[in-house]
Amino acid sequence: MRSQPASARRAHRPALLVLVLALVASLLTAGPATAAPTTSGDVTSPVDAGTYRLSSAQGPRCLPIIMATTWHNGQDLGGATGNRLFAIADGVVTRAQPDSAAGQWITVRHVIDGVTITVGYSNVVSATQYVRVGQRVSQGQRIATMGSTGVSTSPHLHLEVWRGDYGDTLLNPETWFRRQGIDLRADADLITQVKTPTECRYYANGTTRVYRTASTSSTVLATVPSRTVLTSTPGSQSGSFIRVSVNGVTGWAPRGNVTPTDDAWTQRHLLGDHDYTGDGVSDLLAVTSGGSLRLYPGNGRGGFLASRQVGNGWSGFEILTPGDFNGDRRADILAVDRSGRLRLYPGNGQGGFRSHVQIGHGWGSFSQLFAIADFNGDQRADLIAVDSSGRMLRYPGLGNGRVGSPTQIGHGWGVFDRVMAGGDINDDSSPDILAIDARGRLFVYFANPQGTMNAGQQIGHGWANITIVPVGDFNRDTYSDVLGIDNTTGRLYLYHGDGNGRVRSATQVGHGWQVFVQVV
């Protein structure tokens, strides 16, 4: 039996898109008409233009995943598994083998303008799919397929460029290719690079010893339990050790004991999931015209199970979905009543909610208000508000069910009809923001752990008559998806996230959702 929810707050908008809705998915999935790598003289780009996002740059960084490095030797080009990878010039394959960090790894030696250049391709699907060690390759020849092997959070090419043999003199890939007449930045379909933070926040992975030097034979300065917070400076690594500070001491911890998230639950939480039943799948809440609150448990395939009532008397409330807001590892909800009072309703982990606690007042004056997962990298959900003058304010969640003092993080947001949390649609472990303007154009603003955002990028159009409801991983493919309701027909569509900052391939997963006054 299909589920039946929806938001009718904008049900009376022009219905022009009713006949066009089926085209939205195809518009969003449309790629370059003819994908091909850029060539300039004797050098060819290693990837097809317009099929990748420019992400983690070369240089110091915070750990994106346990066992990664804090100094990034290459340039990441994120894309989809199956994307083609090419030899940049005539050359000889010097490596085609597995590696614990690089996954499936290829290196190719070239002579370009009389200089020996070695290019490394890491995280590919199979190092020996197209080439073997000692094989001569030609400029533009396909040598590998993009994948996510080794230490990786999503499909991408980790690209390294060395003068001489691999390990001699490291060069910056983006700079080197630009000098050859190839602009990796201009050829990307998205740019998601963020500023290097000044401090990294990590967690102890199991009981962890902190040593005076980068050696297990040196003096132990401290021993801390699992999930203890560790701080570090980007790039502070020596061999298999990372320099960290904890409990007033600074020393070196084994790399395997330092993780950017305290556990798998936290990682799911940061992706913007709304799991009220505790089964690891994102759920939906809907308010009927009579004020009943109904829970639609996710089925893990993008759809929803039969609903059940979990509350009443919800007429006139604006519901926010922050995930775990009070630190008990259960998804909660916030609500603003008609008087502008902010209330916390703690989740019980079984789909219901306990008695509310008032945690603020004066919240009824904002034109836009939503919860976002960990906007500033402190592992706590925050609130984002847009006031009548278009200023964007961040209210930090304190992790105990309370809200801190606001900080202005932007202006000019009054041009958008709707602004909302976007989950982590570019799969960089930082929450993002979606916005729809009066013309129905869909924009994404990629955030980073420092609480700032890159410039907005348009990723779709035709969204004026669609209400987006909370973003989460509804089909359990680890990518954030978007749910949209056609305000005229009440059909519910799942727009599949691809981890590259886009929403694609819409699938209808329900109907009759126009009967609800709010869906979250």
Side-chain angles (χ1 to χ4, degrees), residues 55-76 100-102 122 150-154 158 160 170 172 192-267 269-271 373-380 382 396-399 424 427-431 446-452:
S55 53
S56 184
Q58 187 180 82
R61 65 175 180 178
C62 293
L63 291 175
I65 187 174
I66 191 171
M67 294 305 293
T69 60
T70 67
W71 182 274
H72 197 219
N73 274 350
Q75 170 68 60
D76 283 351
S100 59
S122 298
V151 179
S152 173
T153 60
S154 62
H158 171 81
E160 295 184 19
L170 183 65
N172 183 292
T192 61
Q193 291 176 336
V194 298
K195 291 182 178 180
T196 302
T198 57
E199 183 179 86
C200 304
R201 181 188 180 97
Y202 302 134
Y203 297 86
N205 181 38
T207 301
T208 299
R209 291 179 176 178
V210 179
Y211 298 90
R212 184 179 299 278
T213 64
S215 170
T216 55
S217 62
S218 69
T219 304
V220 176
L221 300 178
T223 301
V224 298
S226 181
R227 295 177 56 199
T228 299
V229 174
L230 310 171
T231 58
S232 181
T233 301
S236 298
Q237 184 167 323
S238 177
S240 60
F241 286 81
I242 294 175
R243 188 172 178 83
V244 298
S245 296
V246 60
N247 297 338
V249 302
T250 298
W252 297 86
R255 188 168 61 154
N257 286 87
V258 182
T259 175
T261 56
D262 60 353
D263 57 19
W265 184 93
T266 299
Q267 186 61 34
H269 172 64
L270 294 182
L271 290 178
D374 189 26
F375 193 68
N376 62 337
D378 64 358
Q379 308 289 312
R380 298 165 180 171
D382 305 316
L398 302 182
D424 178 22
D427 202 36
D428 65 353
S429 297
S430 294
F446 296 115
N448 60 63
Q450 289 67 56
T452 59

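In this text the structure is predicted, and so the values were computed from the model without any measurement.
Taking every heavy atom of both residues into account, Ser122 and Ala102 meet most closely at OG-CB, 3.5 Å. Closest non-hydrogen pair, Pro197 versus Pro234, comes out as O-CG, 3.0 Å. Between Arg212 and Leu221, the shortest heavy-atom distance links the atoms NH2-CD2, 3.5 Å. Closest of all the heavy-atom pairs between Asn205 and Val258 is CB-N, 4.4 Å. Of all heavy-atom pairs between Pro60 and Trp71, the closest is CD-CZ3, 3.2 Å.
How far NE2 of His158 is from CD of Gln58: 8.5 Å, rounded to the nearest 0.5 Å. Note that CG of Leu63 and OG1 of Thr69 are 8.0 Å apart. Values are rounded to the nearest 0.5 Å. Between Arg61 atom CZ and Cys200 atom SG the span is 10.5 Å, to the nearest 0.5 Å. Atoms OG and CD, on Ser55 and Gln75 in that order, are 6.5 Å from each other to the nearest 0.5 Å. To the nearest 0.5 Å, the span separating OH on Tyr211 from OG1 on Thr216 amounts to 5.5 Å.
The backbone N or O of Ile66 lies less than 3.5 Å from no partner atom in the side chain of Tyr202, so there is not a single donor-acceptor pair. A distance-only check finds a donor-acceptor pair linking the side chain of Asp382 to the backbone of Gly397 [under 3.5 Å]. Remark: the backbone N or O of Thr233 is not paired with any side-chain donor or acceptor of Glu199 at under 3.5 angstrom. One N or O on the side chain of Ser218 and one on the backbone of Thr213 form a donor-acceptor pair closer than 3.5 Å.
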Under 3.5 Å, sequence neighbours excluded: what are the donor-acceptor pairs made by side chains of residues 240-255?
from, atom 1, to, atom 2, distance (Å)
Ser245, OG, Thr250, OG1, 2.7
Arg255, NH1, Met67, O, 3.3
Arg255, NH1, Ala68, O, 3.4

Decide side-chain contact (heavy atoms from CB on, under 4.5 Å) for Tyr203 and Leu230; before the verdict, give the C-alpha distance in whole Å, the side-chain angles of both, and the deciding distance to 0.1 Å.
CA-CA 5 Å; Tyr203 297 86; Leu230 310 171; over 6 Å; no

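Looking at Thr207 and Thr223, their side chains come closer than 4.5 Å, going by heavy atoms from C-beta outward.
Residues forming a side chain to side chain donor-acceptor pair (under 3.5 Å) with Thr208 (at least two apart in sequence, or on another chain): Asn257.
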